[in-house]
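Written below as structure tokens is the structure these notes are about.
Nothing fancy with the numbering, it's 1 onward along the sequence.
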Amino acid sequence: MKHIFKHIAIASIVASGIAFTSCEDMMTVDTGDKAYINANDTLYSYLGIMRSMQDVAERQVILGEIRGDLVSSTAFVTDTLHAISNFEDPKDQTCSMLQVSDYYNVINNCNFYIHNCDTSAIKSNSQFMLPEYAQVKAIRAWAYLQLVKNYGKVPFITEPVTNLDVINNFDYQANLVSKDNLVDRIIEDGLLHFVDTRYPQYGTPNSQYGSWNNGFTDISSRLCYLPIRVILGDLYLLRGASESDYRQAARYYYEYLRNEANPMYLQYCTAEILRNGNTDYDTRTSWGLWASTYSYSAATNEVVSLIPGSSNAGLGKMLTRVADIFGYTPTSSQESEETEDTEIAGEYETSGAIRVERNYKRQYAPSAAFSDVCSDQTYVNYSGMTSTSPLASYIENCDARYGNSIENYAHEGDGYPLCSKAARYTSFFYTIPIYRKSLIWLRLAEAINRAGFPEMAFAILKDGINQFTIPKVATHYTLSTRLDANGDSIPVWNSDSTRVLRYLQDTTYYRQLDHNSYGAMYYLTDTLKLERFNEFLDFKDDVWNTTYGIHAKGAGYGNWNANKTTTEYRNESNISGYHDSIYYDYKRLLATQGVVLGKASENDIINAVENIIVDELALETAFEGNRFTDLVRIAEHKNASGYNGTEWLAKKIANRDTKKAVQAQPAVDGFNSDIYSKLLNPVNWYFSLPAWSVK
């Protein structure tokens with residue numbers, strides 16, 4: 001086993017030499033043997049680390065999607081990618097997607113920086129190196145997080161590898177990390193100390209963080225930083241060994257959204273029925289650019305962290321492969337002109353642009369399973385709404401995010417749906433997002449649910465969660481009967497001392513629902529526990545008032561300008577509010593999971609809400625690179641709570657080409673028994689580290 005790490009480390013040294021001596025791109029650095037004691041030195045080193053991040057950016061998306069259930073391979077897929085998406089255990093170095101040394105290149109560059117940076121240096125009474133130092137620690141933690149998610153168990157080293165003595169003295173067996181101990185090692189390494197450290201500030205004085213130009217556009221350097229609280233949340237959520245882990249994950253996500261992210265209005269998609277005689281629907285963006293998730297222009301609204309790419313090869317790493325495998329053939333232009341203010345004669349500035357052409361020979365296309373989860377939704381549009389007379393029109397089998405994730409391309413009379421988040425029409429988006437707000441909200445919902453508060457988790461999906469929409473603690477009612485004057489049995493509601501969470505505020509309405517259908521409606525939440533966990537369940541501050549339900553992003557919107565203190569806001573402003581309870585309703589959706597409120601156990605409800613979150617992750621974050629590792633993490637949570645998460649995962653991915661019957665189209669049985677059998681063995685959830693050694 002030690003020989004494996006020797007190979008990784010040696011490759012890391014070689015790769016580091018390339019990354020730190022190249023003069024080819026905007027993140028070029030040349031550190032030599034410098035001691036990092038001033039801002040210029042560490043700036044160059046930090047940019048070198050960001051350059052090495054570009055080498056793993058696209059594989060994060062590709063590996064995360066082609067092994068999941070939301071895309072399917074086509075007849076044009078390469079052999080190596082086909083082997084990966086079918087879990088045939090291809091070996092390291094067999095393709096550019098499988099080079100574990102690239103991750104260790106990122107880590108080794110970080111180790112060099114951390115080892116040499118003088119954080120005690122003072123300028124203007126401040127330890128001015130700490131912001132960059134904290135970010136390098138965050139990048140290293142993120143890199144290990146990706147390694148563990150993709151490889152399961154990997155060597156953990158924090159010392160810069162400069163020669164074979166470092167390797168020979170490294171205790172391999174004592175320094176293996178997995179999901180079970182990675183968070184402990186990261187905290188031991190000190191990341192927790194930097195959660196409140198400010199971000200670095202580069203650029204001109206009139207710009208808070210400065211920007212980097214990729215030859216086509218300026219990209220804010222602020223977006224190239226990683227939020228430490230979110231990384232810590234991910235580490236605890238990945239382990240998920242106890243309620244305490246979920247509580248910690250929820251706390252860090254909550255604190256990030258509360259203190260750093262500035263919760264804001266969501267970006268809706270609208271759907272409109274075409275009025276030209278057919279019954280199809282069209283989707284388009286409303287205010288905000290949800291469809292352009294990868295676009296630098298939308299990044300400041302939704303994207304939290306990203307990895308930027310260059311506009312042509314002469315300027316650096318072009319991150320075009322994601323768009324390419326999904327059906328967009330890229331071309332790059334380059335222009336150079338002499339600068340007017342340079343002190344060096346003959347100095348040129350280079351610019352360029354990437355354009356794409358749609359190509360039906362895409363390697364991966366949206367899967368039948370993705371189409372099905374979108375078709376399971378209902379879009380609702382309000383028109384002429386008043387507080388007493390909402391007028392709703394419904395579009396069945398529709399989530400508007402489908403039309404903003406998929407571009408239907410016609411070629412020689414045939415239709416070819418393209419996964420269009422990395423490119424659309426002729427437009428190319430130059431960045432690879434790592435984190436965005438909606439993803440963090442959904443992970444908060446996942447953590448809150450597993451911590452024991454499924455109603456709260458569902459609130460994040462349905463209405464958003466704030467002082468007006470938060471589930472209320474109310475008196476619990478039980479249903480009994482009595483005889484009326486005619487001797488007939490009639491229902492009677494009796495209150496008791498038990499306090500429960502009720503999802504909406506209209507108690508009379510829900511008593512009627514209870515009476516007509518399921519009996520006692522909510523599982524009983526321990527209110528003492530609710531108070532104890534207030535560290536991540538307190539949404540009473542005004543800062544949360546602009547939050548809306550994640551599901552509303554694709555299911556329509558109502559009177560979002562309504563006064564936020566009125567019943568109108570609480571019950572009618574979101575698609576998923578009071579008047580649409582028959583569609584996106586807690587009770588109804590749990591019933592689709594085979595769970596009957598009032599009869600199900602707490603664990604059954606939590607498991608069902610988790611499945612609803614999985615569907616919402618598909619609707620909101622498809623084709624962004626998280627899908628397979630999300631499914632693995634959740635399968636592990638199900639296993640730990642007594643459910644067969646292994647079989648759940650195997651069936652889900654084996655059925656990615658299965659399609660339910662719709663209208664005149666029959667169902668398609670695309671169940672892949674080979675994939676199912678492989679995934680019943682969790683060993684096949686992970687790539688293998690290189691098994692060969694270096695003499």
Just jot down the side-chain hydrogen bond (donor to acceptor under 3.5 Å, both in side chains) partners of [X], sequence neighbours excluded, or say none.
X	result
Ser371	none
Thr629	none
Arg67	Asn150

Considering all heavy atoms, the nearest [X]-[Y] contact:
X	Y	result
Thr658	Gly670	OG1-N, 3.0 Å
Asp180	Arg239	O-CD, 3.2 Å
Leu442	Ile550	CD2-CG2, 4.1 Å

Ignoring hydrogens and geometry beyond distance, is a side-chain donor-acceptor pair present between [X] and [Y] at under 3.5 Å?
X	Y	result
Ser420	Arg424	yes
Ser72	Asp657	yes
Asn611	Lys638	yes
Tyr435	Asp234	yes
Thr646	Asn639	yes

Do the ring planes of [X] and [Y] sit parallel (below 30°), tilted (30 to 60°) or perpendicular (above 60°)?
X	Y	answer
Tyr584	Phe458	parallel
Tyr236	Tyr252	parallel
Tyr402	Phe370	parallel

If the threshold is 4.0 Å, N to carboxylate O, is there a salt bridge linking [X] and [Y]?
X	Y	answer
Lys421	Glu407	no
Arg258	Asp541	yes
Glu647	Lys651	yes
Glu243	Arg247	no
Asp372	Lys659	yes

Using the salt bridge (Lys or Arg N to Asp or Glu O under 4.0 Å) criterion, which residues pair with [X]? Sequence neighbours excluded.
X	result
Asp630	Arg443, Arg633
Asp669	none
Asp604	none

Without swapping roles, check the side chain of [X] against the backbone of [Y] for a donor-acceptor pair under 3.5 Å.
X	Y	value
Asn607	Val609	no
Glu65	Glu624	yes
Tyr253	Gly233	yes

Is the centre of the Tyr254 ring less than 6.0 Å from the centre of the Trp441 ring? no

